[in-house]
Amino acid sequence: MSSAIQSRRPSKVSIVGAGSVGSSMAYACLIRGSADVVALYDIAKERVDAEVADLAHGSEFVPSRVMGGGDVNETANSDVVVITAGARQKPGQSRLDLVGVNAGIISSLMSQLVPQSPNAIFVIVTNPCDVLAVVAQQVSGLPENRVFSSGTLLDSSRLRFLISQWADVTSPNVHAVIAGEHGDSEFPIWSTANISGVPIADWKVDGERVFTEQVLDDLGHEAAEAAYKIIEGKGATNYGIGLAGSRITEVLLGAGHAVLPVSAMVHGLYGVPDVALSLPRLVSRDGVGAPVPIPMNPDEIKKFQESAENLHDTLEALKS
Ligand code: NAD
């Protein structure tokens with residue numbers, strides 16, 4: 001006799017790397033119920049076992065289940081795999097400075113993770129995430145829609161927060177994007193930034209423009225340099241990226257399309273070489289889709305091209 005109740009396979013996200021970023025992301029995913037099962041894997045067995053135990057002790061209070069440990073088969077049959085494993089910036093180091101050591105880690109991880117979860121979508125968070133997304137896609141040979149990086153999702157969230165503070169409105173009312181590299185050459189697309197449909201340059205209080213050129217410049221710099229400041233203060237950034245990763249997971253497991261500024265391959269857009277960098281893109285169960293046709297002014301296009309060149313140079317240096 002067949003049951004009228006259809007059983008559904010639980011959705012699973014695996015987070016690789018149980019350091020500051022990975023464990024915060026697991027925590028965010030568990031609290032938000034981003035997937036039915038949240039698995040955490042790290043080569044540092046003692047560390048990951050401790051993180052999993054600590055997270056599991058909150059099971060009563062969250063909608064998802066946690067598992068994990070020091071064996072890569074903890075990640076088996078995942079729908080989404082988020083990679084946060086690898087070296088992080090030391091104070092003063094740029095993200096691109098990490099490329100040598102982290103490219104090796106990502107290559108070796110992809111060859112172990114893909115056989116465990118042959119149908120998963122892979123999200124690279126380890127820095128420099130734009131460059132490593134290309135490495136991960138190339139070593140795995142997976143279709144480009146199934147390998148991308150969190151790119152400037154966090155940076156854009158930082159910018160939206162800063163604008164919301166300046167305008168004294170809540171973040172969801174603010175629509176603004178940082179594009180390009182998740183790193184020093186990133187830039188805000190000010191020409192389309194708006195607060196509930198009002199172009200940011202036209203936002204006025206008592207007849208006065210709130211976002212002057214100087215204010216926009218300062219906010220853009222503050223968003224781009226936020227990570228350096230946080231790393232100086234506490235050694236790592238983890239909560240913001242943890243939440244960003246949980247949001248990406250939800251979109252990948254959910255219904256419909258979301259538009260997120262994430263980093264995936266561009267082919268010939270504005271004449272740039274084949275690199276991965278961020279633009280707002282459609283993201284869904286099928287992974288990362290095409291960039292949305294966000295208008296950019298000539299100055300923004302130039303910055304986009306410069307950012308792509310920068311990433312291209314790093315990719316070329318990696319080959320030699
Ligand atoms: P961390 O040092 O706290 O943790 C890294 C973890 O990776 C460690 O636990 C280590 O054991 C593990 N690891 C290393 N090699 C491994 C391997 N081969 N297999 C499994 N695990 C392995 O570092 P963190 O602060 O968590 O940062 C992790 C990465 O995330 C860094 O590259 C950092 O720059 C990056 N990051 C990216 C963003 C973003 O927006 N993309 C934001 C913050 C941090």
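Nothing here was measured: the structure is a model prediction, and the numbers come from that model. When a ligand or atom number is given, it counts from 1 through the structure's own listing order. Residue numbers count from 1 along this sequence.
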Do [X] and [Y] have side-chain atoms, one donor and one acceptor, less than 3.5 Å apart?
| X | Y | result |
| --- | --- | --- |
| Ser20 | Arg88 | yes |
| Asn238 | Tyr27 | no |
| Asp130 | Ser263 | yes |
| Ser34 | Thr249 | no |
| Ser185 | Ser307 | yes |
| Asn310 | Glu306 | no |

**OP:** Classify the contact between Arg95 and ligand 1 as side chain, backbone, both or neither, using a heavy-atom distance cut-off of under 4.0 Å.
**Re:** neither
Please say whether [X] places an N or O atom under 3.5 Å from an N or O atom belonging to ligand 1.
| X | answer |
| --- | --- |
| Val125 | yes |
| Thr126 | no |
| Asp42 | yes |

Relative to the heavy atoms of [X], which atoms of ligand 1 are at a distance of less than 4.0 Å?
| X | result |
| --- | --- |
| Asn102 | 32 (O) |
| Cys129 | 41 (N) |
| Leu109 | 19 (N) |
| Thr237 | 42 (C), 43 (C) |
| Ala87 | 31 (C), 32 (O) |
| Ser150 | 41 (N) |
| Val21 | 24 (P), 25 (O), 26 (O), 27 (O), 30 (O), 43 (C), 44 (C) |
| Ala44 | 11 (O) |

Who's the nearest protein heavy-atom neighbour of [atom], and how far?
| atom | result |
| --- | --- |
| atom 1 (P) of ligand 1 | Arg88 NH1, 3.8 Å |
| atom 7 (O) of ligand 1 | Gly86 N, 3.2 Å |
| atom 18 (N) of ligand 1 | Ile105 CG2, 3.7 Å |
| atom 36 (N) of ligand 1 | Asn127 ND2, 3.3 Å |
| atom 4 (O) of ligand 1 | Gly19 CA, 3.2 Å |
| atom 13 (N) of ligand 1 | Ala85 CB, 3.7 Å |
| atom 28 (C) of ligand 1 | Thr84 O, 3.0 Å |

**OP:** Please tell me if the side chains of Ile15 and Val38 come closer than 4.5 Å, counting only heavy atoms from C-beta onward.
**Re:** yes
Original post:
Does His182 have a heavy atom less than 4.0 Å from any atom of ligand 1?
Top reply: yes
Subject >> Salt bridge flag under 4.0 Å for residues Glu300 and Lys303 >> reply: no
Original post:
Is Asp155 salt-bridged to Arg160, going by a charged N under 4.0 Å from an acidic O?
Top reply: no
Original post:
Which residue, Leu98, Asn102, Ile83, forms the side-chain contact (heavy atoms from CB on, under 4.5 Å) with Leu132?
Top reply: Asn102
**OP:** Report the C-alpha distance between Val134 and Met265 in whole Å, list the side-chain angles of each, state the deciding distance to 0.1 Å, and finish with yes or no for side-chain contact (heavy atoms from CB on, under 4.5 Å).
**Re:** CA-CA 7 Å; Val134 178; Met265 290 299 286; 3.7 Å; yes
Subject >> Linked, directly or transitively: Val215 and Phe161 (ILVMFWY side chains, under 4.5 Å) >> reply: yes
